[in-house]
Amino acid sequence: LFRSRLLVLFALGVMLVGWAISNFLSNSLFNFPKDNNLWGDSTKNQVIAREELPAKTVSSLMISTEESDLRLCPVLSPYLVGAVPLSFKTSLTLEEVQKSNPNVLDGRYHPSKCRPLQRVAILIPHRSREKHLMYLLEHLHPFLQRQQLEYGIYIIHQARSEE
């Protein structure tokens, strides 16, 4: 009982640190000055070739400058619809889940019409229940998208203990 409480306390601490880091990074990555000079002093004529930057940096800069022109998403999303009936189709595949969520790339989504107020990371521990994972993803993606959140879903594959 003591070990489980300690484990829960540790997990909450890790989540708090992750939240603080993500807030710090989101504020530093997504708040660029309005002028188009992203690379320093405007009196210098610095040119940085796109090939010199890592691909991750270029893509985050593109998203950031596009999002800076968008208005913030409303606090109460207009897409909330109340209770949604759940269905569990036995022939569901990962391809069908991907096809029904075309705006999700590598498990990540951000609204295209506004800047989200919140960023969320969802960690899903998983081991040997692929069908259950498909059901969860089929319903979780639309649920989060209706809230106009920027989110990432991370599947953590659990290893079997070797005892």
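Judged as a side-chain hydrogen bond (donor to acceptor under 3.5 Å, both in side chains), the pairs with a partner in residues 136-146 (not counting sequence neighbours) are, in order, H141-Y151, Q145-Y151.
Between the CZ atom of R129 and the CE atom of M134 there is a distance of 14.0 Å, given to the nearest 0.5 Å. Distance CG/L137 to OG/S100: 9.5 Å, rounded to 0.5 Å. Note: L76 CG to Q147 CD = 10.5 Å, rounded to the nearest 0.5 Å. Separation of atoms SG (C114) and CG (L72) is listed at 8.0 Å; rounding is to 0.5 Å. Atom-to-atom distance recorded for E130:CD and I155:CD1 is 11.0 Å, nearest 0.5 angstrom.
Nearest heavy-atom pair, P116 versus Q148, reported as atom, atom and distance to 0.1 Å: CB-O, 3.6 Å. Considering every non-hydrogen atom in both Y109 and V104, the closest pair reads CB-CG2, 4.2 Å.
Both L94 and L144 are members of a single hydrophobic cluster when ILVMFWY side chains are connected at heavy-atom separations under 4.5 Å. Two different hydrophobic clusters hold V97 and L105 under the rule that ILVMFWY side chains link at heavy-atom gaps under 4.5 Å. At a threshold of 4.5 Å between side-chain heavy atoms, the hydrophobic network of Ile, Leu, Val, Met, Phe, Trp and Tyr places L6 and L12 in two separate groups. Residues L133 and L123 are members of separate hydrophobic clusters, defined by side-chain heavy-atom contacts under 4.5 angstrom among Ile, Leu, Val, Met, Phe, Trp and Tyr. Hydrophobic clustering (side-chain heavy atoms under 4.5 Å, transitive across Ile, Leu, Val, Met, Phe, Trp, Tyr) keeps M15 apart from F10.
Side chains of I122 and V120 form a contact here, defined as non-hydrogen atoms less than 4.5 Å apart. Inter-residue side-chain proximity for N101 and P142 is flagged as met; some heavy-atom pair is nearer than 4.5 Å. In this structure the side chain of K113 never reaches within 4.5 angstrom of the side chain of L70, judged on heavy atoms.
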Applying side-chain contact (heavy atoms from CB on, under 4.5 Å), run through L149 and R119 and close with a yes or a no. CA-CA 6 Å; L149 300 172; R119 299 173 73 199; over 6 Å; no

Candidate pair I124 and I156, rule side-chain contact (heavy atoms from CB on, under 4.5 Å), full reasoning: CA-CA 6 Å; I124 301 172; I156 291 95; 6.0 Å; no

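At most 12 heavy atoms of other shown residues, nucleotides or ligands fall within 6.0 angstrom of atom CD in Q118. With a 6.0 Å radius and a threshold of 12 heavy atoms from other residues, nucleotides or ligands, R127 has its CZ atom above the threshold. A 6.0 Å sphere centred on OH of Y154 holds more than 12 heavy atoms belonging to other residues, nucleotides or ligands. Residue Y79 qualifies as open at atom OH: its count of foreign heavy atoms under 6.0 Å is 12 or below.
Classification of R115 and E150 as a salt-bridged pair fails, no side-chain N sitting under 4.0 Å from a carboxylate O.
Panel note: side chain K131, backbone L92; a donor-acceptor pair is recorded below 3.5 Å.
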